[in-house]
Structures are given as C-alpha cells and as structure tokens.
Amino acid sequence: MDIKQIVAAEPTGQSLEVRAWVRTFRSNRFIALNDGSTSQNLQVVVDFERESEALLRRITTGACLRIKGDLVESQGKGQKVELMATEIEVLGDADAEEYPLQPKKHSMEFLRENAHLRPRTQTFGAVFRLRHGLQFAIHKYFNDNGFFMVHTPIITGSDAEGAGEMFRVSTLDPKTPPLNDKGELNWKEDFFGKETNLTVSGQLEAELFALGLGKVYTFGPTFRAENSNTTRHLAEFWMIEPEVAFNDLFDNMELAEDCLKYVIRYVMEHCKDDLQLLHDRQQEEEKSLPQDKRAMPLLEKLAFATDNEFVRCSYTEAIDILRNSKPNKKKKFKYLIDEWGADLQSEHERFLVEKHFGKPVILYDYPANIKAFYMRLNEDGKTVRAMDILFPGIGEIVGGSQREERFDVLKQKIAEFGIDEESLWWYLQTRKFGTCVHSGFGLGFERLMNFITGMTNIRDVIPFPRSPKNAEF
Ligand code: 4AD
Ligand code: MG
C-alpha cells in the first residue's frame, strides 16, 4: 500500500508493509517516512528496546527502509494513524555525514545544485506531483473538448518564430567539417542533407493539422538558444499549442481563458494537499516581510484567476495607460514608454496586470514589426492580430494569434522578414489550397507551473532545468 492510502485508512491494528525513505528520525523512536505518493509522512513508532543499537544508527535522513508494522490510532497530534513497527530492514543506507540533504531548511540554489535529490524533499515532491496533475488536466481539457493531440517534430528545418534563437542539430565533425567550393560549411553532407535545428515551437506543423483535423494541439518540449539568464526563461521548456480552424482572434482568447481557468480549477480540486503545502510554505516565507511586500496568498491568488473575467485591452490602449502611468512619469521604468510601437518589457506587463488592472489581462493587436511573420495583418496595415495573456507575478504566460491565411500577404511578410521562402514551401502551400481563418496560441507550461505553485524561479518547476552554461544531470 502507498503511504497516501495508509494515512487515509482506518486504524484497526491491521498489519502492513511499507517501503519508503526516512525524512526524520527523532528521539530514537519516531520515524517520519515518505514514499512520494503524498506530501504527508507516515509516522512509524519504533520500540527501541527491541531493535539493536546498530540498526537504530542506520535509520538516518535519506535512508531507504522496509518496515512491517500494525496500523493504530496515533497517540500524538498531527496525524490520525501511526505504524507500530514489528520488523525493520534497511534497504539502502544514507551516511548522515555525507548525505547532502539534512533535516533542515536548504536554499533553493543548493537544492538546484542537487537536483538529483530534490524529489525527496517536501516542497519538490509537491511541485512535481502538481506538475503531473497539471499536464493531465491539460490533456483532459483538450480531449473533452474534441481536440486531437499531434506530435510535432523536435528536429526541424525551419525557424517557426523567425527569431534565429535555435540550437543546431548536426552530426558533422567540428574538427574536419566538409566545405563547399566557396569554402563554406557544406550542409549537404550533414545527416539530413541540410541545416537542421531543435524546434522553437510546434505551431507551423500544428497549423497543417488544424487545416485537416480542425481542432488540434501539441504539448512538447521546445528549445530556445536565447541568452536569457532570468527567473522566467529556460533553454528547454514545454509548451502547449492548440490550433483551431475557423477561430478568429477573439475565439482564440476565449479558448485560452477557458483552458487556463479549467486547469487551475482542476488542480485546486485534485491536488489539494500539495497546493495547501505550497500555500503554507509561501505564508511561512513571507512572514517576516512587511504587509505591502507580501504576495497574494497562493490559494487566494488561484481563486482570483478562476473567478475573474480576464481584461481585454488593445496594445494601443495599453501604451496610453503606460505613457500616463506614475512609474513612467517618475522615470521609474527602466525602459520608458514614449511612443506607439515600443516593445513591452516585463516591467510594463507587470504594471498593467498587478497595478493598473489587478486582474489577468489579454493584450491584443500589437504592432506588426515587433511580432512574428505569421500573424494576420489588420486593415490598418500596421498592427497584427496577436494576443498575449499577462498573469500577476509572471508576466506573459500565453502568446498567440490569428494566422495570416492570405497567400499573397503571407508571401510578402516572409520576404519582408528576410526568411528563406524555400524552407517554408509546405506552409505557404496550405494558403494556396483550401485556406481559411485559423488561430492558436502557445502556453508556457513552466510559467503556468510557476503561477500555480507560487515558486518564484522557473528552474524550480522543471525536473532538470537547462539554461545558459548549465546542462547538468
Ligand atoms: O510567445 P511565444 O514565443 O509564442 C510561440 O512560440 C508561438 N509559436 C505560440 C503559438 O502561437 N502557437 O511563446 C509562447 C509561450 C510564452 O507566452 C511563454 O509562456 C512561453 O511560451 N515561453 C517560455 N517559457 C520558458 N522559457 C522560455 N525561454 C520561453 N519562451 C517562451
Ligand atoms: Mg511571446
């Protein structure tokens, strides 16, 4: 039986066996045991007079044990049941002198350096069980709404975002690279006979499927070689990208809002214990901060996102708000907003969400030149049907758009952006044959994880983070 089932069972003195790891062992009598199935520990009571000194010494934090015992009502407070041990076997020792995790509070940096042991801590146990619950909720949402999941390729020959932030995939020997007549690297001799890279987004391929299967989504790893060492960026992250034929930009916003609210409600209902633990942890961490520096308590914040209508605000309106805002006038922004066309930085996004509107915000109709080539050009000729969803504490959590479905306009945009048309011949062809209005978006899975768990660094919600100069494990 899992500890999750045991701690919920009626204690009738029944005999049980568990295999799990020691969190703490105190007074030579009480073992807090955890097998990862739940955030709750099982209290095991040891009769130290029955056990040898040698065995007791091996019950240390991190050790793996097999214990047989009788489940009884707990005498102490804090738990309903406890296991009276009748047989203890040490399956795997953990030398207390050497084991990196001590029964005390460790810094997040330290735990990141020990990411191989993080799953054994309370906090990360909760985070990664939630990660599972959340990805399940996402698949359930789309499945229940008639979407088909498409596995888009990881290795591609195109740049979906046109931003040039790609990791090259090659089997050429860097010591003896094949050269062509011009003395340049000859990609024809590479594995795929051309330049290839890890995908930055599955969108373009998802579009091809939406124009055949109607409603599709991808949920896969994406890779960005942007040199951003921040708490919001990873070089390898997971993205959910739905794509829907016949949806315009406003349908797209509705889908994104509905999806976000559904998955947040789902984890609030199905991952209660772990959310409570993270909520309590946040309250504990912030106890010493003055009232106005504290973040909104986690559970309150989640309810706030599901119970409020997301604000819809055009880029042009947002620029007006920002231009006239206090931090802009008092020159508190690092990047001051003075004219239409400026790209919004995370400080601006956070001002709009956290200070101005106090609710999740959907910004739309951005200037064409700060957005990707595939977004549908508006009648004004200078804005595109793009939308970003901004969340408190996170900033951009979703980026999406209505796609340019008109062949001539798309062809021209590709040229204007200096993209090699040849690499996108298949994409352009869908605009020639049976094209239609369609839209989609990308939801950053780890940014959503940050929001839901209240963890403040994106590296703490993915098992093994990849960031500049860091690919350990
Ligand atoms: O805004 P982005 O770049 O949009 C796209 O890739 C589109 N092709 C999506 C689509 O329309 N199908 O990325 C989408 C989201 C962002 O809003 C953010 O949540 C997340 O992906 N994201 C990152 N998350 C972690 N680390 C990074 N380096 C990220 N870059 C983007
Ligand atoms: Mg974006």
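In this text, all values refer to a predicted model and were calculated from it rather than measured experimentally. Counting starts at 1 for both ligands and their atoms, in listed order.
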Closer than 4.0 angstrom, basic N to acidic O: yes or no for [X] and [Y]?
X: Asp408; Y: Lys411; value: no
X: Lys287; Y: Glu284; value: yes
X: Arg385; Y: Asp365; value: yes
X: Glu404; Y: Arg406; value: yes

Exercise. Would you check if the distance from the ring center of Phe192 to the ring center of Trp187 is below 6.0 Å?
Key: no
Yes or no: does [X] have any heavy atom under 4.0 Å from an atom of ligand 1?
X: Gly400; value: yes
X: Arg232; value: yes
X: Phe223; value: no

Quiz item: For His348 and Tyr335, what are the C-alpha separation, side-chain angles and deciding distance, and is it a ring pair (Phe, Tyr, Trp, His ring centres under 6.0 Å)?
Solution: CA-CA 9 Å; His348 309 126; Tyr335 298 90; 7.0 Å; no
Quiz item: Do Ser439 and Asp248 have side-chain N/O donor and acceptor atoms under 3.5 Å apart?
Solution: no
Exercise. Taking atom types as modelled, find out whether Thr383 and Asp380 have a side-chain donor-acceptor pair closer than 3.5 angstrom.
Key: yes
Could you check [atom] against the protein and tell me its nearest heavy-atom contact, residue, atom and distance included?
atom: atom 3 (O) of ligand 1; answer: Arg224 NH1, 2.8 Å
atom: atom 16 (C) of ligand 1; answer: Glu396 OE2, 3.2 Å
atom: atom 4 (O) of ligand 1; answer: Glu161 OE1, 4.0 Å
atom: atom 19 (O) of ligand 1; answer: Ile397 O, 2.9 Å
atom: atom 31 (C) of ligand 1; answer: Phe237 CZ, 3.6 Å
atom: atom 20 (C) of ligand 1; answer: Gly444 CA, 3.7 Å
atom: atom 14 (C) of ligand 1; answer: Met239 SD, 3.4 Å
atom: atom 15 (C) of ligand 1; answer: Gly442 O, 3.6 Å

Quiz item: Does any non-hydrogen side-chain atom of Asn197 lie less than 4.5 Å from one of Asp159?
Solution: no
Self-check item: Positive for salt bridge (Lys or Arg N to Asp or Glu O under 4.0 Å) with Asp274, one of Arg129, Lys4, Arg131
Solution: Arg129
Run the numbers for me: atoms of ligand 1, each under 4.0 Å from some heavy atom of [X], listed by number.
X: Val398; result: 17 (O)
X: Arg403; result: 10 (C), 11 (O), 12 (N)
X: Glu241; result: 7 (C), 8 (N), 9 (C), 10 (C), 12 (N)
X: Ile458; result: 25 (C)

With backbone taken as N, CA, C and O and side chain as the heavy atoms from C-beta onward, which portion of [X] lies under 4.0 Å from ligand 1: side chain, backbone, both, or neither?
X: Phe441; answer: backbone
X: Tyr374; answer: side chain
X: Arg447; answer: side chain

Self-check item: Test of proximity, Val200 against ligand 1: N or O pairs below 3.5 Å
Solution: no
Quiz item: Where do Ile154 and Phe223 come nearest, in terms of heavy atoms and distance?
Solution: CG2-CE1, 3.7 Å
Exercise. Grab the two heavy atoms, one from Asn34 and one from Ala20, that are nearest each other, plus how far apart they are.
Key: O-CB, 3.3 Å
Practice problem: Using a cut-off of strictly less than 2.8 Å, determine whether Glu396 has an N/O/S atom near the Mg ion (ligand 2). | Solution: yes
